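Letters A, B, ... mirror the listed sequences (proteins, then strands); counts begin at 1. All values reported here derive from a predicted model rather than from experimental measurement.
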There are 2 protein chains.
Amino acid sequence: MERLTVAPDAPDLPALPPGRRATIKDVAEGAAVSRSTASRALTGRGYVAPGVRERVRRTAQALGYVPDAGARNLRQQVSRSVGVLVSDLRNSFYADLAAGVGQQSRRRGYAMMLSDDNGSPERELEAAEAFVALRVAGVILTPLSAEVSEYLHRHRVPVVEVDRQFCPGRCDAVVVDNRGAARRVTEGLLAQGHVRIALLIDEADWTTGRDRAAGFAGAVDDAGRPVEAFVVRAGWHVEEARERVRALLEGPSAPTALFAANNVLAEGAWRAAQDLGRRIPEDLSLVSFDDAAWMSMVGPGVTAVAQDVVALGEAAVSALFERIDQADAPARTVMLAARVAERGSTAPPPAS
Amino acid sequence: MERLTVAPDAPDLPALPPGRRATIKDVAEGAAVSRSTASRALTGRGYVAPGVRERVRRTAQALGYVPDAGARNLRQQVSRSVGVLVSDLRNSFYADLAAGVGQQSRRRGYAMMLSDDNGSPERELEAAEAFVALRVAGVILTPLSAEVSEYLHRHRVPVVEVDRQFCPGRCDAVVVDNRGAARRVTEGLLAQGHVRIALLIDEADWTTGRDRAAGFAGAVDDAGRPVEAFVVRAGWHVEEARERVRALLEGPSAPTALFAANNVLAEGAWRAAQDLGRRIPEDLSLVSFDDAAWMSMVGPGVTAVAQDVVALGEAAVSALFERIDQADAPARTVMLAARVAERGSTAPPPAS
DNA sequence: CTGAAAGCGCTTACAG
DNA sequence: CTGAAAGCGCTTACAG
């Protein structure tokens with residue numbers, strides 16, 4: 001201790017240093033102890049005489065000392081933040097997911113680094129690399145490719161895939177029962193007597209699309225009567241879907257019932273029906289996978305598979321921390337049930 | 001260099017070390033150079049012979065070396081992340097804002113630490129403290145209290161307040177022209193001939209509420225005819241607002257036009273009107289501050305002040321980085337204009 | 001009960 | 001052109 005700026009019991013402690021933030025060195029000098037002792041007093045690890053502890057704490061308080069988390073993590077070789085990577089924060093599904101994950105992470109004392117890859121696999125990989133550079137404790141993501149999870153895995157970063165699964169058997173995942181819920185909702189349409197049914201989908205390579213399509217097909221196969229079921233690629237955005245569905249409904253063999261595989265497609269379909277003056281459900285039945293606020297506001301409301309997105313986020317955080325605690329437990333997939341919110345957007349097909 | 005595990009030109013470089021991540025020491029040893037040289041080769045700062053540079057880069061690549069951002073920042077005393085603190089990620093306004101800020105930050109090479117305080121000033125302060133501990137380069141927030149910004153300011157963290165302003169003159173802020181937009185939308189209602197108009201508001205202490213109320217009052221004052229205008233505290237959540245508005249509409253002096261000061265209150269008001277079977281706009285006119293997806297989906301759509309939330313986020317990021325570059329420039333407030341999306345939810349009052 | 005020293009992973013003057 | 005040394009802010013065995 002070359003400088004004792006403050007006598008041990010000085011009532012007036014120095015104010016915040018002018019140009020820079022207080023470090024533990026400042027605290028130690030202010031309290032006239034060594035950095036070791038100051039550290040022990042503040043972290044609570046290791047012994048410090050009660051009086052000294054108090055003095056150090058008061059000094060830290062007076063200096064507005066906030067330990068540098070980066071330096072602490074570097075020394076301790078641990079991390080107190082989780083990385084979260086979603087596809088589109090503007091979509092309420094991902095926003096709700098991020099909200100749930102952030103809340104649960106905070107509860108455990110972890111900060112959330114959030115990235116939005118906008119559906120681009122390149123950005124996704126960049127974000128993953130940033131997470132590795134930041135040495136996050138783990139990553140929760142809605143993957144776009146198998147590469148990300150592999151990459152993170154290779155860099156020994158615990159990963160949980162949410163919503164869809166690209167890395168089964170090697171990474172943990174939390175998903176909803178896409179197949180089962182899609183089956184039930186399709187069965188609802190079939191029970192109304194529809195014969196021409198379309199599944200609107202963005203893609204069928206991800207497990208979400210594949211499983212929802214499988215549930216749809218399964219219900220159709222088991223219908224016990226001839227059904228013209230077709231799968232329509234309706235694009236990724238509302239306007240794209242709106243145009244596709246408009247074309248579909250104006251075409252020669254227009255379906256009488258639509259099953260939109262997510263909320264974006266449902267919005268496009270709904271707007272298309274409006275554009276053409278088709279009444280729901282009298283002229284056209286519509287069901288959706290994914291609930292959204294507007295679906296309970298339009299009249300009639302849109303029957304939808306309501307995923308409990310908050311529960312999804314919570315389950316992902318639990319899975320991540322279990323993985324952090326037990327790096328080499330076998331990979332697990334958690335599947336959550338989803339309920340169907342019946343709202344009245346289905347009816348028997350029009351008697352054409 | 002005590003260990004030369006690899007000859008300078010060895011074609012087979014060692015694979016990832018088994019239990020731990022590669023460090024610059026591993027890269028240096030693998031490429032048979034000093035850590036200094038390895039660092040210079042990888043960062044591009046300082047001179048390195050071209051051949052050596054190549055060798056180092058290949059070694060780093062082979063080892064899957066990703067520099068520890070925390071260690072780098074510690075050494076360089078800089079930060080490459082921004083903190084973002086919003087009130088409710090489940091509200092599309094905040095989600096869009098976070099999306100915009102995240103995108104612009106990434107574009108500048110900064111990661112985003114995101115927190116959601118759920119409307120609690122205590123959590124808000126905790127999050128601010130976490131940001132200080134993480135030594136973020138700056139913070140963008142939708143403040144709940146004057147304390148946060150003061151706290152961050154005191155800790156020399158550049159701050160930009162968005163949407164509302166608690167720290168005028170001392171912190172930068174990016175807001176929309178709440179007063180002007182509220183005035184215009186109110187004038188629209190008055191032009192339809194309404195006499196009993198209610199402003200639904202959550203609170204009037206924040207600049208948002210205060211300025212929207214001021215715009216409302218200003219339009220009423222200038223109406224040039226007697227108007228019964230009242231301000232109704234309608235709570236913070238959809239269900240709360242829904243009940244309040246139901247009570248209001250069933251009361252003795254029910255208004256014929258409602259101006260909801262944000263999208264949550266608008267949703268409550270809209271649902272309340274549905275509950276009571278009031279037709280919009282025949283029985284009741286409704287306008288909203290804040291646009292939301294459902295407002296253009298219900299029939300008729302809800303006329304709303306459409307803030308350009310993405311532009312808001314972008315402006316906030318610009319302001320933050322200007323502040324980071326110039327710590328002691330005078331504080332600035334940027335005000336963005338907002339347009340009114342006319343949709344048909346207003347009409348003359350019913351001829352009762 | 002406390003402090004000197006080492007070291008986490010990095011970068012950067014500076015010496016040669 | 002390259003490397004040894006110092007140091008960012010912290011914590012933690014370990015010596016006394």
Side-chain angles (χ1 to χ4, degrees), chain A residues 1-4 8 17 19-56 60 63-80 132-136 155-156, chain B residues 1-4 8 17 19-56 60 63-80 132-136 155-156:
Chain A
M1 222 141 358
E2 45 295 311
R3 263 193 318 137
L4 275 185
R20 59 189 182 75
R21 279 189 269 261
T23 70
I24 197 155
K25 190 151 171 271
D26 299 314
V27 175
E29 289 175 357
V33 294
S34 70
R35 277 145 66 218
S36 322
T37 301
S39 176
R40 264 180 275 123
L42 294 172
T43 60
R45 279 200 266 261
Y47 197 91
V48 177
V52 175
R53 176 190 311 274
E54 245 333 286
R55 202 171 74 226
V56 171
L63 290 171
Y65 171 67
V66 179
D68 183 320
R72 171 177 288 176
N73 294 343
L74 177 59
R75 171 59 229 249
Q76 296 185 142
Q77 291 294 87
V78 298
S79 166
R80 296 294 264 175
V132 172
L134 291 160
R135 300 294 190 262
V136 297
H155 283 271
R156 307 177 202 303
Chain B
M1 221 143 356
E2 47 292 314
R3 263 193 317 136
L4 275 184
R20 60 190 180 74
R21 277 188 269 259
T23 69
I24 195 154
K25 191 153 170 269
D26 298 314
V27 175
E29 288 176 358
V33 294
S34 70
R35 279 144 65 218
S36 323
T37 301
S39 176
R40 263 178 277 123
L42 295 172
T43 59
R45 281 201 266 261
Y47 196 91
V48 176
V52 175
R53 176 190 312 275
E54 245 334 285
R55 202 171 72 225
V56 171
L63 290 171
Y65 172 68
V66 178
D68 183 320
R72 172 178 286 177
N73 294 343
L74 177 60
R75 171 59 230 250
Q76 296 186 141
Q77 292 293 88
V78 298
S79 168
R80 294 296 263 176
V132 172
L134 290 160
R135 301 294 190 263
V136 297
H155 283 271
R156 307 176 202 303

Which distance, rounded to the nearest 0.5 Å, do you find between the CZ of A:R72 and the OG1 of A:T43?
-> 7.0 Å

Between D:dC8 and B:Q76, is there an OP1 or OP2 to side-chain N/O distance shorter than 4.0 Å?
-> no

Can you tell me how far P of D:dG9 sits from CG of A:D26, to the nearest Å?
-> 9 Å

Between D:dT2, C:dG3, D:dG9, which one does the side chain of B:R40 approach most closely?
-> D:dT2

Side-chain donor or acceptor of A:N73 paired with backbone N/O of A:G70 under 3.5 Å = no

Selected nucleotide, minimal atom distance to A:V52 side chain, candidates C:dG3, C:dT2, D:dC10 = C:dT2

Report yes if at least one side-chain N or O of B:T23 is closer than 4.0 Å to OP1 or OP2 of C:dG9; otherwise report no.
-> no

Between the CZ atom in B:R135 and the NE2 atom in B:H155, the distance rounded to the nearest 0.5 Å is 9.0 Å

Specify the separation, in whole Å, of atom CG of A:L63 and atom P of D:dG9.
-> 14 Å

What's the spacing between A:S79 OG and A:L74 CG if we round to 0.5 Å?
-> 11.5 Å

Nucleotide C:dC10, atom P - distance to CZ of A:R72 in whole Å = 21 Å

Looking at the side chain of B:L74, which of D:dG9, D:dG3, C:dT12 is the nearest nucleotide?
-> D:dG9

Once you round it to whole Å, what is the distance between P of C:dG3 and CZ of A:R45?
-> 20 Å

Whole angstrom is fine here: how far is it from CD1 in B:I24 over to C1' in C:dT12?
-> 12 Å

Between CG of B:L134 and CZ of A:R80, what distance do you get to the nearest 0.5 Å?
-> 11.5 Å

Evaluation steps, side-chain hydrogen bond (donor to acceptor under 3.5 Å, both in side chains), between B:S34 and B:T37 | CA-CA 5 Å; B:S34 70; B:T37 301; 3.2 Å; yes

Residue mapping more 5' on DNA chain C - nearest nucleotide basis, A:Y47 or A:R135 | A:Y47

To the nearest angstrom, the CG-C1' distance between A:N73 and C:dC8 comes to 11 Å

According to the Watson-Crick and G-U wobble definitions, with both distances under 3.5 Å, which nucleotide is paired to C:dA4?
-> none

Rounded to whole angstroms, how far apart are CZ on B:R21 and C1' on C:dC10?
-> 15 Å

Start at the 5' end of DNA chain D and walk down; is the nucleotide closest to B:A49 or to A:V66 reached first?
-> B:A49

Does a side-chain N or O from B:Q77 land closer than 4.0 Å to OP1 or OP2 of D:dG7, or not?
-> no

Does OP1 or OP2 of D:dA4 have a side-chain N or O of B:R35 closer than 4.0 Å?
-> no

The nucleotide from C:dG9, D:dG9, C:dG3 with an atom nearest the side chain of A:S34 is C:dG3

Proximal nucleotide (of C:dG3, D:dA5, C:dC10) relative to the B:S36 side chain | D:dA5

Base-pairing assignment for D:dA13 (Watson-Crick or G-U wobble, both under 3.5 Å) = none

The side chain of B:V33 lies closest to which of these nucleotides: C:dT12, C:dC10, D:dG3?
-> D:dG3

Tell me: CG of A:D68 to C1' of D:dG9, nearest whole Å?
-> 6 Å

